[in-house]
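Below is one structure; the comments refer to it alone.
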Amino acid sequence: MFTPPPEKSPLDDNLIIHGDNLYALKALLPKYAGKIKCIYIDPPYNTGNENWVYNDNVNSPMMQAWLGKIVDFEDMERHDKWLGMMWPRLHLLKELLANDGVIFVSIDGNEQHHLRMLMNDIFGEENFIESLVWRSRLGRGATAKNTATLHEYIIAYAKNVASVEFREDRRVRETESRERLRQWGQGDKREDRPTMYYPIHSEEFGKVYPIRPDGTDGRWRVAQPTMEGLIENGLVAYERQPDGRIEAYRIIPAGTETYTAYPSLLDPEIVKTTAHGSIELKNILGPNKFSYPKPSLLIKEIVSLASKKGDIVLDSFAGSGTTAHAVLDLNKEDGGNRKFILIECEDYADTITAERVRRVINGVENATNENLQDGLGGSFTYCTLGEPIDEEGMLTGETLPTYEDLAHYIAYTATGNALTSIEKRKNYCFGETDDIRFYLIYEPALEFLESNKSALDGKRAEQIAKACKETGKSAYVYAPQKFVSQKELTGMGITFCQLPYNIHRISDA
């Protein structure tokens, strides 16, 4: 539950949330579903050395029973465990992503291929954008392998790739230049694009065709109407080749702005390396605070690719707070008002993650960057993911709230706002917002809670999905148990929240 200070709601501020990101993402869904323009995450790389703290409540008897039906949990290999940790989080991140939003995931070679398959399943293979290559270190050093691994990946997927517009690479020509108008390389034959083979007229040479060096017919790079426009504006030059062919060139005047697609190889001069990230963090917080932090310039470049000035940026594996630093720096540079939401589950969420952000906001005295010295400005609300309500009491039946009280609590926990009225309707729907219908399958009786009547089963799920489809809304269903997998429910537009484990509030720390 967000408890706003008197002057403003933290929902209107930047957020840093301390808590398990699985539950924190669920708490954010009602307010932010479909509103996050850019997501960047840097999850554990699964080298076999991490001490994971991402708790999916696998000690719950219900969860163990469910896992037992699909895989022997004790025999899971580390790749399976890593994918099991990532799967529910990526599903929630997809729900939070705007229709024209993009998610970027940093990863190395240990899980890159597995992650691609997982994201193909969740986001759709057609929504894959690129696997950007980041040179994470410069020196090679000693290695026992045949090659020294100097790079990592940043995998980019869209919610809907047709709606995405990346920032193009804009350049201004300092001097006049030329580019050949005949296609070269792949697809340069007449038969490859027959409509791109046509004559153009030169005062000096007469009809000119796109002829390849071997004497066969080629094709032009532009369609005939575009070519005619270039000729009319005096932007085509002709040149006789030693073999007698006539080549046509497009003239690009000095001062011309040109746009090209963003390259998949990140420029190391722009995005820097892990070493730069370590030096940067040391200058802000002092030595030995965090291992292998990403440089803020890397995240700044990523965020600038896929966000505009008023968008929301989310990082659910916040680490040292680099994403917040990058967003504030970008806002300072272009006058933007991007908002960030950071989630960090470790105990250093306040002392490292939030403390870094406090310092870059207020200024870092010894910083070499002038903007950082003066402070990047901005503000944020630091929150913690509170304890769930008395789940043990609910499990034993000792403390069972009324339907209305529990529904009010869920609504306020989920949205930060109280519903004006609670009315138990068909299939236990108790209220709705502009985008969401809320369901609470609950009766304050232990006999009911332990019976199949309290479960979200296939029939009820289909009825809920139908009702939501008619209203154009998604559903959040709170119940003690379910007989349908979340994968199936996700396809039906339903997010299941298990009682009592998934009732969490977010409150000011």
Side-chain angles (χ1 to χ4, degrees), residues 1-5 10-11 13-25 27-28 40-45 49-55 85 89 106 272 274-300 303 313-329 331-332 339-369 371-387 504-509:
M1 175 174 60
F2 288 107
T3 305
L11 292 176
D13 198 5
N14 296 304
L15 292 175
I16 298 179
I17 303 170
H18 178 208
D20 188 308
N21 56 15
L22 184 73
Y23 299 135
L25 290 172
L28 291 172
Y40 170 79
I41 59 172
D42 185 12
Y45 278 11
N49 298 322
E50 291 87 3
N51 293 317
W52 287 358
V53 289
Y54 299 101
N55 174 23
M85 182 272 293
R89 290 167 173 83
S106 279
K272 303 304 181 183
T274 301
H276 289 89
S278 297
I279 294 169
E280 178 179 56
L281 188 61
K282 179 181 177 181
N283 290 338
I284 297 170
L285 291 179
N288 303 321
K289 294 295 184 182
F290 198 88
S291 300
Y292 310 113
K294 297 292 189 291
S296 64
L297 289 174
L298 171 66
I299 312 306
K300 180 181 175 183
V303 171
V313 179
L314 170 65
D315 182 349
S316 57
F317 293 85
S320 67
T322 309
T323 297
H325 182 166
V327 169
L328 293 170
D329 191 17
N331 284 344
K332 182 85 170 182
K339 298 292 185 185
F340 63 78
I341 301 174
L342 267 56
I343 304 170
E344 178 51 54
C345 67
E346 293 278 16
D347 290 340
Y348 56 68
D350 189 15
T351 57
I352 295 181
T353 312
E355 184 59 24
R356 175 188 187 162
V357 183
R358 292 185 190 105
R359 296 191 185 189
V360 301
I361 285 173
N362 296 318
V364 179
E365 184 178 351
N366 299 320
T368 55
N369 180 285
N371 282 339
L372 188 54
Q373 237 180 48
D374 297 336
L376 301 178
S379 65
F380 67 90
T381 298
Y382 181 82
C383 306
T384 57
L385 190 65
E387 294 296 322
H504 283 262
R505 59 186 182 273
I506 296 178
S507 58
D508 289 343

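Reckoned from all heavy atoms, side chains included, excluding hydrogens, waters and symmetry mates.
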Non-hydrogen atoms of [X] and [Y] that approach each other most closely:
X: Gly321; Y: Val357; answer: O-CG2, 4.3 Å
X: Gly319; Y: Thr353; answer: O-OG1, 2.5 Å
X: Ser316; Y: Leu25; answer: CB-CD2, 4.1 Å

Is there a side-chain contact between [X] and [Y] in this structure, where contact means two heavy atoms from C-beta onward sitting under 4.5 Å apart?
X: Leu372; Y: His325; answer: yes
X: Asn21; Y: Phe317; answer: yes
X: Asp350; Y: Glu355; answer: no
X: Thr322; Y: Pro295; answer: no
X: Leu22; Y: Arg89; answer: yes

Please confirm whether the backbone N or O of [Y] pairs with a side-chain atom of [X], one donor and one acceptor, at under 3.5 Å?
X: His18; Y: Glu346; result: yes
X: Arg359; Y: Ile284; result: yes
X: Glu280; Y: Ser296; result: yes
X: Asn14; Y: Ser379; result: yes
X: Asn362; Y: Arg358; result: yes

Rounded to the nearest 0.5 Å, what separation is found between the [atom1] atom of [X] and the [atom2] atom of [Y]?
X: Ile16; Y: Thr381; atom1: CD1; atom2: OG1; answer: 9.5 Å
X: Ile279; Y: Lys272; atom1: CD1; atom2: NZ; answer: 10.5 Å
X: Leu328; Y: Lys300; atom1: CG; atom2: NZ; answer: 11.0 Å
X: Ser320; Y: Leu281; atom1: OG; atom2: CG; answer: 5.0 Å

Listed partners of Asn331 passing side-chain hydrogen bond (donor to acceptor under 3.5 Å, both in side chains), at least two apart: Arg338
Ser106: partners by side-chain hydrogen bond (donor to acceptor under 3.5 Å, both in side chains), with sequence neighbours left out: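 side-chain hydrogen bond (donor to acceptor under 3.5 Å, both in side chains) list for Ser106, sorted by chain: Tyr40.
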side-chain contact (heavy atoms from CB on, under 4.5 Å) partner of Thr323, the single match among Ile41, Asp42, Asp315: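 With Thr323 as partner, side-chain contact (heavy atoms from CB on, under 4.5 Å) holds for just one option, Asp315.
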Within 6.0 angstrom of Tyr292 OH, more than 12 heavy atoms from elsewhere: no
Parallel, tilted or perpendicular, as decided by the 30° and 60° cut-offs, for the rings of Phe340 and Phe380: tilted
